[in-house]
There are 2 protein chains.
Amino acid sequence: MRDIPPATVARLPAYVRALEGLLADGCVTTSSEGLAARSGASPALVRKDLSSLGSWGTRGVGYDTAHLRDQVVAVLGLTTQRRVVVVGAGHLGHALARYPVFADRGFAVVGLVDADPAVVGTTVGGLVVRPVDALAELVASTGATIGIIATPAGPAQEVCDALVAAGVGGILTFAPRTLHVPDDVDLRAVDVASELAILAFHDRRRRA
Amino acid sequence: MRDIPPATVARLPAYVRALEGLLADGCVTTSSEGLAARSGASPALVRKDLSSLGSWGTRGVGYDTAHLRDQVVAVLGLTTQRRVVVVGAGHLGHALARYPVFADRGFAVVGLVDADPAVVGTTVGGLVVRPVDALAELVASTGATIGIIATPAGPAQEVCDALVAAGVGGILTFAPRTLHVPDDVDLRAVDVASELAILAFHDRRRRA
DNA sequence: TAGATTGTTAATCGATTAACAATC
DNA sequence: TAGATTGTTAATCGATTAACAATC
């Protein structure tokens, strides 16, 4: 297996979901075209992506749905459960701590942290909210490798630094600001207000 | 102003935020390098992006921070308030309906809809939750142009179709599945479980 | 065999970086 | 004028699409 292009990696989760949908529909084999329709990619792109993973299709037939699903899941590293800590127990933190889709995909939220003393000690989704200064200990004791930042913009960089110091390898942030991490830490950012702003741009164009 | 590349549009909200941060720090002028540090782009990319908007910098000096902020805000179409309806009043819908950053950016959540009769009629963030079949009327009466899908995967395509039929021009979905919209509707997807899966991929690589 | 569909190569397209002349 | 920094062009890089030979 050679290096997998980042754009391909970003599509793999959609392929896994498409394959599970096809499995649920009883499709034993799938073509690149069928997979494309369900995943939003083009058939050519599906074939190219899968071939960069090593390719497990049969010419003239297609892909074995269950087998391909297992292979893509393995490539993504979803066979091992990943432990996740969430920082910020506001509305978003609550939503994340109880999001059932995480469990379906092998992620377990094992810790929830908040800066507000009034929130610390309350229970959310079976987890007792811990204070921010318990973060390092929490990551260490749970073996969490991924941190989620669900705080306002203000404390986000500080929280990010604390997660890095605690040793997580990947961070997903929802805070509306740019964050900086060392090269060996993987950062992904979801910015809801920016998404709306991009929609607003096209909206304006459409009406102009 | 020529056509603006999609990759550039996607960075404009980060530039707006960077510029507002610089303004708050009292920086009257900014260089592409300063803007790059705050926005996460490279200095060359900042200059290229801004020049594709028409360019308002001064060689040897930099950009007028306040003026540039106003220009980028105008390009994004954020000078007019946009009205947004949210479908799904679960944890995520709650979080979105009250997210203060939307208001800061000129977005107003004007409607909240849910399929659960037990939730319909309750008040969230000053909005009374409406039933799903009130969606078209709600969009029409409020003049909403953007819809947010905060439902589980199951009903998401149906909700998406209903938003399109109701006449919104842009949709932001959080549902973990691929959605299909007509060409004249703009769709952006945030998929939290996929983001974690991508982090898991790199995590696996790091430990391998 | 004939039809279908993959895997891969070549062509295209778009985005980023590097470099530097223009110019404040 | 000298130093700084933009705006733009050319070079590079990566991603997508098109096309088709391989082959089930």
Side-chain angles (χ1 to χ4, degrees), chain A residues 1-15 18-19 22 27-69 71-72 75 178 183 194 198 201-202, chain B residues 1-15 18-19 22 27-69 71-72 75 178 183 194 198 201-202:
Chain A
M1 194 199 308
R2 317 160 203 83
D3 252 26
I4 304 176
T8 296
V9 174
R11 279 185 294 269
L12 297 184
Y15 294 152
L19 288 162
L22 289 161
C27 300
V28 174
T29 64
T30 322
S31 65
S32 58
E33 191 165 335
L35 203 36
R38 291 234 186 193
S39 65
S42 71
L45 198 46
V46 168
R47 292 199 298 278
K48 192 144 223 304
D49 283 341
L50 296 181
S51 86
S52 90
L53 307 186
S55 288
W56 305 281
T58 307
R59 288 170 207 235
V61 178
Y63 303 89
D64 179 302
T65 314
H67 182 242
L68 183 59
R69 192 263 324 255
Q71 297 291 341
V72 180
V75 168
T178 303
D183 283 346
S194 292
I198 296 165
F201 172 83
H202 294 288
Chain B
M1 194 200 308
R2 315 161 205 85
D3 252 25
I4 304 175
T8 296
V9 173
R11 279 185 294 268
L12 297 183
Y15 294 151
L19 288 161
L22 289 161
C27 302
V28 174
T29 63
T30 322
S31 65
S32 58
E33 190 165 335
L35 203 34
R38 290 234 187 194
S39 67
S42 71
L45 198 46
V46 168
R47 293 198 299 277
K48 192 143 223 304
D49 283 342
L50 296 181
S51 85
S52 89
L53 307 185
S55 287
W56 307 282
T58 308
R59 289 171 206 236
V61 178
Y63 303 89
D64 178 303
T65 314
H67 182 244
L68 183 59
R69 191 262 324 257
Q71 298 291 342
V72 179
V75 168
T178 304
D183 282 346
S194 291
I198 295 165
F201 172 82
H202 294 290

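A, B, ... follow the sequence lines: proteins, then strands. Residue 1 opens every chain. Given the structure is predicted, the values throughout are model-derived calculations rather than measurements. The figures that follow rest on heavy atoms only: side chains count, while hydrogens, waters and symmetry mates do not.
The distance from atom NZ of B/Lys48 to atom C1' of C/dG14 is 10 Å, rounded to the nearest whole Å. Taking atom CG of A/Asp3 as the reference point, atom P of D/dG14 lies 11 Å away to the nearest angstrom. The NE2-C1' distance, from A/His67 to C/dT6, rounds to 16 Å in whole Å. Note: CG (A/Asp64) to P (C/dT5) measures 15 Å, nearest angstrom. We find that CG of B/Leu68 is positioned 13 Å from C1' of D/dT6, with the value rounded to whole Å. One atom, CG of A/Asp49, and another, C1' of C/dT6, lie 14 Å apart when rounded to the nearest Å. Between the CG atom of B/Leu35 and the P atom of D/dA4 there is a distance of 20 Å, given to the nearest Å. With rounding to whole Å, B/Leu50 atom CG is found 14 Å from C/dT16 atom P.
Looking at A/Gln71 and A/Val75, their side chains never come closer than 4.5 Å, going by heavy atoms from C-beta outward. A 4.5 Å side-chain heavy-atom check between A/Thr30 and A/Leu68 finds every atom pair outside the cut-off.
Closest contact between the side chain of A/Ser32 and the listed nucleotides C/dA19, C/dT6, C/dT16 involves C/dT6. Minimum atom distance to the side chain of A/Arg59 is reached by D/dA21, of the listed C/dA15, D/dA21, D/dT8. Residue A/Pro5 has its side chain nearest to D/dA15 when only D/dT17, D/dA15, D/dT6 are considered. Taking the side chain of A/Leu45 as heavy atoms from C-beta on, and the options D/dT6, D/dT16, C/dT17, the nearest nucleotide is D/dT16. Candidate nucleotides D/dG7, D/dA10, D/dT16 were compared by shortest atom distance to the side chain of B/Ser55, and D/dG7 ranks first.
Across all strands shown, B/Pro43 has no heavy atoms under 4.0 Å from either base or sugar-phosphate atoms. Within 4.0 Å of A/Ser42, counting heavy atoms only, lie sugar-phosphate atoms of the nucleic acid but no base atom.
Side-chain N/O atoms of B/Tyr63 include none lying less than 4.0 angstrom from OP1 or OP2 on C/dC24. A close approach under 4.0 Å does not occur between any side-chain nitrogen or oxygen of B/Arg47 and OP1 or OP2 of D/dT9.
Put simply, the side chain of A/Thr29 never gets that close to the backbone of A/Gly62: no donor and acceptor are under 3.5 Å apart. A/Thr65 places no side-chain N or O within donor-acceptor distance of the main-chain N or O of A/Leu19, the cut-off being under 3.5 Å.
For the residue pair A/Arg38 and B/Thr178, the shortest heavy atom distance occurs at O-OG1, 3.1 Å.
If you check D/dA21 for Watson-Crick or wobble pairing at under 3.5 angstrom, you find it paired to C/dT6. Nucleotide D/dC13: paired with C/dG14 (Watson-Crick or G-U wobble, both distances less than 3.5 Å).
Mapped onto DNA chain D by nearest heavy atom, A/Val61 and B/Gly57 fall at different nucleotides, with B/Gly57 at the one closer to the 5' end.
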